[in-house]
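Note that the structure is a prediction, hence the values are computed from the model and not measured. Side chains are part of it too, since the values below use all heavy atoms of this structure and drop only hydrogens, waters and symmetry mates.
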Protein chains: 2
Amino acid sequence: MATIRKSARSTHPAAERPHPDATRRSQRSRQAIYDAALALVGEVGYPKTTIEGIAARAGVGKQTIYRWWSSKADVLLEAFLDLGERLVEAAGEEAYTIPDTGDVAADLKVVLRATVDELRDPRFEAPYRALAAEGVVNEELGRTFVSRLLEPSLQLHADRLRAAQEAGQVRQDIDLRIALELFVSPLAQRWLQHTGPFSHAYTDTLVDYALHGLAPR
Amino acid sequence: MATIRKSARSTHPAAERPHPDATRRSQRSRQAIYDAALALVGEVGYPKTTIEGIAARAGVGKQTIYRWWSSKADVLLEAFLDLGERLVEAAGEEAYTIPDTGDVAADLKVVLRATVDELRDPRFEAPYRALAAEGVVNEELGRTFVSRLLEPSLQLHADRLRAAQEAGQVRQDIDLRIALELFVSPLAQRWLQHTGPFSHAYTDTLVDYALHGLAPR
DNA sequence: AGGCCGACAAGACGGACCGTCTCGCCAATA
DNA sequence: TATTGGCGAGACGGTCCGTCTTGTCGGCCT
């Protein structure tokens, strides 16, 4: 027996390659892979994290990983998204909103301080850095990274700025997508590239400078 | 013969590991390695660029690379710095200064437009991205990347802002290292993470927002 | 109930690179 | 002229890649 293998596949025209039957997927293995991936990236770093290592740690066959994901980065991205969802469920929903007390400056400062703390959380740091780095060099993954991880948060900032605009605290003629970068991007760069101290005082200053400008009034 | 090998090294107490005799180094091989590294990163991308590949392309033994550099990233960093120096020599010195016409806004816009163009130069794009990405994940290399590549440019921006401050175009109480991030960081993030259009119009807007602030005057 | 299907764990497989090493070869030095 | 040490070349054992094979197991159709 054996021998006749692919030729026996009379049932299908051999069209779809990417996805096997998702309904038969083992959720137990999936979760074990997420846990193993996040643990390994935290322990030995992203470059030394290997598909074989993840499989072994998860008690899973390599093929199970290759069956559902296309790359190491892809596994980590989904693992990280899953981690995020689990943490959001654990915390309250309101942890992922921007407050509106009527004072934009104060509200933004609160949110940026929280972002600083979050980026320092060791559960986040290693995988988040790894994904950001991979996205810089791999445009495909980069776009996914931005749309799934960055974009939702940026949208919240834009929304809060729009409210401020309607309340007359931000100029009418301003492009909010650019405006939010004045404080979000410097924060991101300091964290990613270690270009300077990363503190609450720093983000407070950013908000002040961005709102009132560098030029004298 | 053979057999006695390390034990025959009576001359040295076996202390310094890192550097062989630099005076006997082949400059021809060094340059060939730089060229090969930059070419390969441009052609096949950073992850597929390999030490063996660089050695083969440069017509050089692998050991010659391992003798002088500690990693692929290290080779590329030096190659890129060398490329920068050669281009600076070719162009005039004044290409790497920030003009001072007395109008900060105008001067910064000119410089940021030039930066946009430079980041689009295909000779720069691939290696610069690769180094930035590696620096995000490898703190050691990251610090070198910042101090050798980023810092000199940031210093120029700080200098120009200081002149503006003395001319009364920028508030006295402002931390210039933070101030310059208001336009430099958003630019960097858009380029690195593809978070939005990357154009002259964009950088012009950044300068306006940063100088005059988001709040109504 | 029995048979079939497809994901699963395990791991063998050839191939790519790793980083180290050994080998003569050669130029500069002593 | 003899010594020294970097050099090109490439062999080496090792790791991990991505694919393929085998046998097991649980759900679904008949």
Side-chain angles (χ1 to χ4, degrees), chain A residues 1-12 14 16-37 40-41 44-76, chain B residues 1-12 14 16-37 40-41 44-76:
Chain A
M1 19 261 54
T3 28
I4 316 170
R5 186 152 294 282
K6 295 244 167 169
S7 46
R9 287 189 156 280
S10 52
T11 3
H12 257 314
E16 71 243 20
R17 183 58 53 89
H19 275 324
D21 185 344
T23 67
R24 308 183 71 155
R25 183 168 189 180
S26 161
Q27 295 309 317
R28 198 188 149 281
S29 295
R30 161 149 46 177
Q31 194 60 52
I33 288 165
Y34 288 161
D35 294 345
L40 282 175
V41 167
V44 306
Y46 181 67
K48 289 190 179 173
T49 295
T50 166
I51 301 261
E52 290 201 342
I54 296 171
R57 172 111 169 203
V60 138
K62 285 166 58 172
Q63 188 66 12
T64 299
I65 296 183
Y66 285 110
R67 187 178 297 118
W68 300 106
W69 294 279
S70 60
S71 68
K72 177 171 81 166
D74 207 37
V75 175
L76 189 60
Chain B
M1 58 245 31
T3 27
I4 316 173
R5 187 152 293 285
K6 295 242 169 174
S7 47
R9 286 187 158 280
S10 52
T11 3
H12 258 313
E16 71 243 19
R17 183 58 54 89
H19 275 322
D21 184 346
T23 67
R24 308 184 69 155
R25 182 168 190 179
S26 161
Q27 296 308 318
R28 199 188 148 279
S29 295
R30 163 151 43 177
Q31 195 60 53
I33 288 165
Y34 288 162
D35 295 344
L40 282 175
V41 167
V44 305
Y46 181 67
K48 287 189 179 172
T49 295
T50 170
I51 301 262
E52 289 201 343
I54 296 171
R57 173 114 170 201
V60 137
K62 286 166 56 172
Q63 189 65 6
T64 299
I65 297 183
Y66 286 109
R67 186 178 299 117
W68 301 105
W69 294 279
S70 60
S71 68
K72 177 171 79 167
D74 208 37
V75 176
L76 189 60

Please list, pair by pair, any protein nitrogen or oxygen found under 3.5 Å from a nitrogen or oxygen in nucleotides 14-17 of chain D.
{"from": "dC16(D)", "atom 1": "O3'", "to": "T50(A)", "atom 2": "OG1", "distance (Å)": "2.7"}
{"from": "dC17(D)", "atom 1": "OP1", "to": "T50(A)", "atom 2": "OG1", "distance (Å)": "3.0"}
{"from": "dC17(D)", "atom 1": "OP1", "to": "I51(A)", "atom 2": "N", "distance (Å)": "3.0"}
{"from": "dC17(D)", "atom 1": "OP2", "to": "T50(A)", "atom 2": "OG1", "distance (Å)": "2.6"}
{"from": "dC17(D)", "atom 1": "OP2", "to": "I51(A)", "atom 2": "N", "distance (Å)": "3.4"}
{"from": "dC17(D)", "atom 1": "OP2", "to": "E52(A)", "atom 2": "N", "distance (Å)": "3.1"}

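Contact record, V75(A) with A37(A): CG1-CB, 4.1 Å, taken as the closest heavy-atom pair. Between A58(B) and A32(B), the shortest heavy-atom distance links the atoms CB-O, 3.5 Å.
At the phosphate of dA7(C), neither OP1 nor OP2 sits under 4.0 Å from any side-chain N or O atom of S29(A). For dA9(C), the OP1/OP2 oxygens have a side-chain nitrogen or oxygen of T64(A) closer than 4.0 Å. Listed pair R24(B) / dC7(D) fails the phosphate criterion, with no side-chain N or O lying under 4.0 Å from OP1 or OP2. OP1 or OP2 of dC7(D) sits under 4.0 Å from a side-chain N or O of W68(B).
In this structure, R25(A) forms a cation-pi arrangement with W68(A), its terminal cationic atom sitting closer than 6.0 Å to the ring centre and no more than 45° off the ring axis.
Atom CD1 of I65(B) sits about 12.0 Å away from atom NZ of K72(B), to the nearest 0.5 Å. The OH atom of Y34(A) sits 7.5 Å away from the CD atom of Q31(A) when rounded to the nearest 0.5 Å.
Atom CH2 in W69(B) sits about 15 Å away from atom P in dG19(C), given to the nearest Å. Straight-line distance from the CZ atom of R57(B) to the P atom of dG8(D): 17 Å, rounded to whole Å. Atom pair Q27(B):CD and dG6(D):P shows a separation of 14 Å (rounding to whole Å applied). What separates CZ of R67(A) from P of dA10(C) is a distance of 13 Å, to the nearest Å. Per the geometry, CZ belonging to R25(B) stands 7 Å off P belonging to dC7(D), to the nearest Å. Residue I54(B) contributes atom CD1, which lies 11 Å from atom P of dG19(C) at whole-angstrom precision. For the pair I65(B) CD1 and dG6(D) C1', the computed distance is 14 Å after rounding to whole Å.
A donor-acceptor pair is defined here as one N or O able to donate and one able to accept, closer than 3.5 Å; no such pair exists between the side chain of K62(A) and the backbone of A55(A).
Tested against W69(A) for a side-chain contact (heavy atoms from CB on, under 4.5 Å), the candidates T64(A), I33(A), I54(A), I51(A) yield a single pass: I33(A).
Judged by distance alone, with hydrogens and angles left aside, Q63(B) brings no side-chain donor or acceptor close enough to the base of dC7(D) to form a pair under 3.5 Å.
Checking dG5(D), dG6(C), dC20(D) against every side-chain atom of D21(B), the shortest atom distance belongs to dG5(D).
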